[in-house]
Amino acid sequence: MTPSGGEPLLQVRVRAEPDIFVARKLGREVARAVGLERQDQTRFATALSEIGRVLLAAGGAADIAFLPDGANPPTLWVVMVSPAAAPDAVTQGTAPVRRLVDSLEVSDARFGTVVRLSRRLPTQAPPLTRKRLDEIRDELAHLAPGSPLEELADQNEQLIAALDEVRAQRDELARLNAELEETNRGVMALYHQLSDELEETNRGVVALYGELDEKSVQLRAASEAKSRFLANVSHELRAPVTAIIGLGRLLTDSASDPLTEEQSRQVELIRGSATDLLTLVNDLLDLAKAEAGRIEPEISDVDLKVVFGELRGTLRALATRPEVELIVEDPDPVTLRTDEVLLARVLRNLMTNALKFTERGSVRLSARGSVFTVADTGVGIPEELQERIFEEFYQVPSGVTARGTGTGLGLPYARRLVTILGGTLTLQSTPGVGSTFTVTLPEA
Amino acid sequence: MERVPVLKIGDMLLVSIQVDMEDQTALNLQEDLADKIVATGCRGVIIDISALDIVDSFVGRMLATIAGISKVLDAETVVVGMRPAVAITLVELGLSLPGIRTALNVELGMALLARARFEAEGGGDAGEDDETVAAAS
């Protein structure tokens, strides 16, 4: 008797002891499904257990296939194949099992030891139609979805997958690390580059600074040289000019030989020109002195009333135009601690300047605290020129400077003196309306 | 590795086998039970196999071995709760569990052990009676 061909109902692989428990449990379910009685189910399962143990003991794994045969009489076949088990040992070990089943054969096939056993089904069992077999298959598949071995295999696969993932992550990590290192190197390179550039710029700045320093020294030297030149030249010029003036006076002296009217007029012109020249030279000398820092203010309590009185007297001679009113207000605080000579020189300079460029209206000097103002109604100075007039030899280019042209040294000199006194000289002016010079001295 | 618990009830030890026995489980049980017998001085062991629906020759031999070990340690072993189908299959397999006393359930097993001890203390030889009780109950 051999099993007829056809698909096995179920296949189980037995590799270790727990697999035997699974196999015999499945065997019991198969037996129940095909219609064996309870007692036969136990016999059948026990037979599987016995043979399974014998096969395992005799040499290893075995494949078990359940093959129900619907032929007459219907039989449940089981074929167990063990590639390694020795046939003799199996034959001997399975001998007691013969009493539990209807047939048991052990044969030595090329692919290993084959154990076939069969159990007839009772007559009242449902016929094993194809449909019934499919039902049983579904049932069992549902009942035993996975043997421990399959689960083990599953877990193994999962483990391998997990390992692969871990390896992939490690690789990814290594890659990221490498990238990071690269970026790091890039950052470091950038840092070094920036550092170098900064250092270079720094060096440039230092060099520039040194250059500036040098230029500053040169400028100071040039300025000193200029002042020295002015002082020397002025001094050298003064002597001949005074000589001319003196000689002119001698010529017109009553004790000298009488001159014709024409001659005396010309000599007067010579004297006037020489006097102008002397003024210019004196101004230059004063400015040079101031610039050279040779002027030291002598601070004392100054009676402003006296200063203003003297100014009123000396300036009246200059204010020759009837349409220009000269106003010297009484000073508000009567005394101020400053240098009297320098203050008087500054104010005289400003007043002279104002009278020179005012054709009508008024020139007014006033004092409020330590602030002195000289306001005129003259031609005024355009805004863009208001700083330039404090430069030496600068004159507003205008035909309005009707009468005397100045030396162009008065305002620079005044500002220099005010600076020496520790104050400031500023100008507010509107062309055509007038100018206001303000001297602000330190209080007390 | 699974272990089968060994419980002390009164002056007896109760082993209830609920799982499929593997080699290692069986060896562990033998060791555990022997240790427990020595430690407690119990003189009766009840092995409940009512949860097993398949008992093959391996388990049969294991039960015989346990009974032998217990005997050497001066304790009687009673196997209780065997299912009818299991009994039939065992006999058909040619295993009649020689030297192992049996009872139908735990209660009868305990009674059997108590009587055996009483008779042993009374000086009587009750070896044959034990078999009778097991069969009769």
Side-chain angles (χ1 to χ4, degrees), chain A residues 12 14-32 36-58 60 64 78 80 89-90 92-104 115 117 119 144 147-149 152, chain B residues 1-5 15-32 47-67 79-100 102 104-105 135:
Chain A
V12 187
V14 175
R15 289 170 192 273
E17 226 179 347
D19 294 339
I20 293 173
F21 306 145
V22 173
R24 74 188 191 195
K25 194 171 156 197
L26 282 172
R28 190 189 175 87
E29 290 302 323
V30 170
R32 184 191 53 74
L36 284 175
E37 290 168 4
R38 277 190 72 85
Q39 179 59 53
D40 274 344
Q41 291 169 20
T42 303
R43 282 197 186 100
F44 188 72
T46 309
L48 284 179
S49 183
E50 289 289 327
I51 298 169
R53 282 190 198 276
V54 168
L55 287 176
L56 267 188
I64 303 177
V78 177
M80 304 164 104
V90 175
Q92 202 181 342
T94 53
V97 183
R98 286 177 195 282
R99 275 177 276 173
L100 298 178
V101 292
D102 291 329
S103 75
L104 176 73
V115 180
L117 63 88
R119 182 77 195 178
S147 71
L149 187 75
L152 206 64
Chain B
M1 182 54 66
E2 285 175 295
R3 287 191 107 91
V4 178
V15 179
S16 184
I17 299 174
Q18 305 282 340
V19 296
D20 291 320
M21 297 295 286
E22 290 181 36
D23 277 344
Q24 192 57 48
T25 318
L27 287 175
N28 289 340
L29 176 58
Q30 286 169 15
E31 275 179 34
D32 290 351
I47 300 176
D48 178 20
I49 60 166
S50 58
L52 300 183
D53 53 5
I54 298 171
V55 175
D56 58 11
S57 56
F58 171 76
V59 176
R61 279 195 300 278
M62 180 201 74
L63 292 174
T65 308
I66 287 176
V79 172
V80 303
M82 188 182 289
R83 296 184 179 193
V86 170
I88 295 166
T89 308
L90 274 179
V91 172
E92 282 175 351
L93 263 176
L95 295 168
S96 52
L97 303 185
I100 300 177
T102 56
L104 284 188
N105 54 38

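Numbered from 1 within each chain, the chains take letters A, B, ... in sequence-line order.
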> Do you know which of B:Ile88, B:Leu93, B:Ile54 makes side-chain contact (heavy atoms from CB on, under 4.5 Å) with A:Arg43?
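By the side-chain contact (heavy atoms from CB on, under 4.5 Å) criterion, A:Arg43 pairs with just one of B:Ile88, B:Leu93, B:Ile54: B:Ile88.
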
> Can you tell me if CD on B:Gln30 sees more than 12 non-hydrogen neighbours from other groups inside 6.0 Å?
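Yes, because the 6.0 Å sphere around CD of B:Gln30 holds more than 12 heavy atoms from other groups.
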
> Tell me, do A:Lys25 and B:Asp20 make a side-chain contact under 4.5 Å, heavy atoms counted?
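When only atoms from C-beta onward are counted, B:Asp20 and A:Lys25 do not touch, as no gap falls below 4.5 Å.
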
> Between B:Leu95, B:Thr89, B:Val86, B:Val55, which shows the greatest number of heavy-atom pairs under 4.5 Å with chain A?
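That would be B:Thr89.
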
> Nearest 0.5 Å, what's the CZ-OG1 distance between B:Arg83 and A:Thr42?
8.0 Å

> Go through the steps for A:Arg24 and B:Asp56 under the test salt bridge (charged side-chain N to carboxylate O under 4.0 Å, His left out), then give the verdict.
CA-CA 11 Å; A:Arg24 74 188 191 195; B:Asp56 58 11; 3.6 Å; yes

> Does any backbone or side-chain atom of B:Val19 lie under 4.5 Å from a heavy atom of chain A? Answer side chain, backbone, both or neither.
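The answer is neither part of B:Val19.
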
> Relative to chain B, which segment of A:Arg98 carries a heavy atom at a distance below 4.5 Å: side chain, backbone, both, or neither?
neither

> Minimum heavy-atom separation for A:Arg53 to B:Met21, with atom names?
NH2-O, 3.5 Å

> Looking only at heavy atoms, which two atoms of B:Ala85 and A:Gln39 are closest? And how far apart?
CA-OE1, 2.9 Å

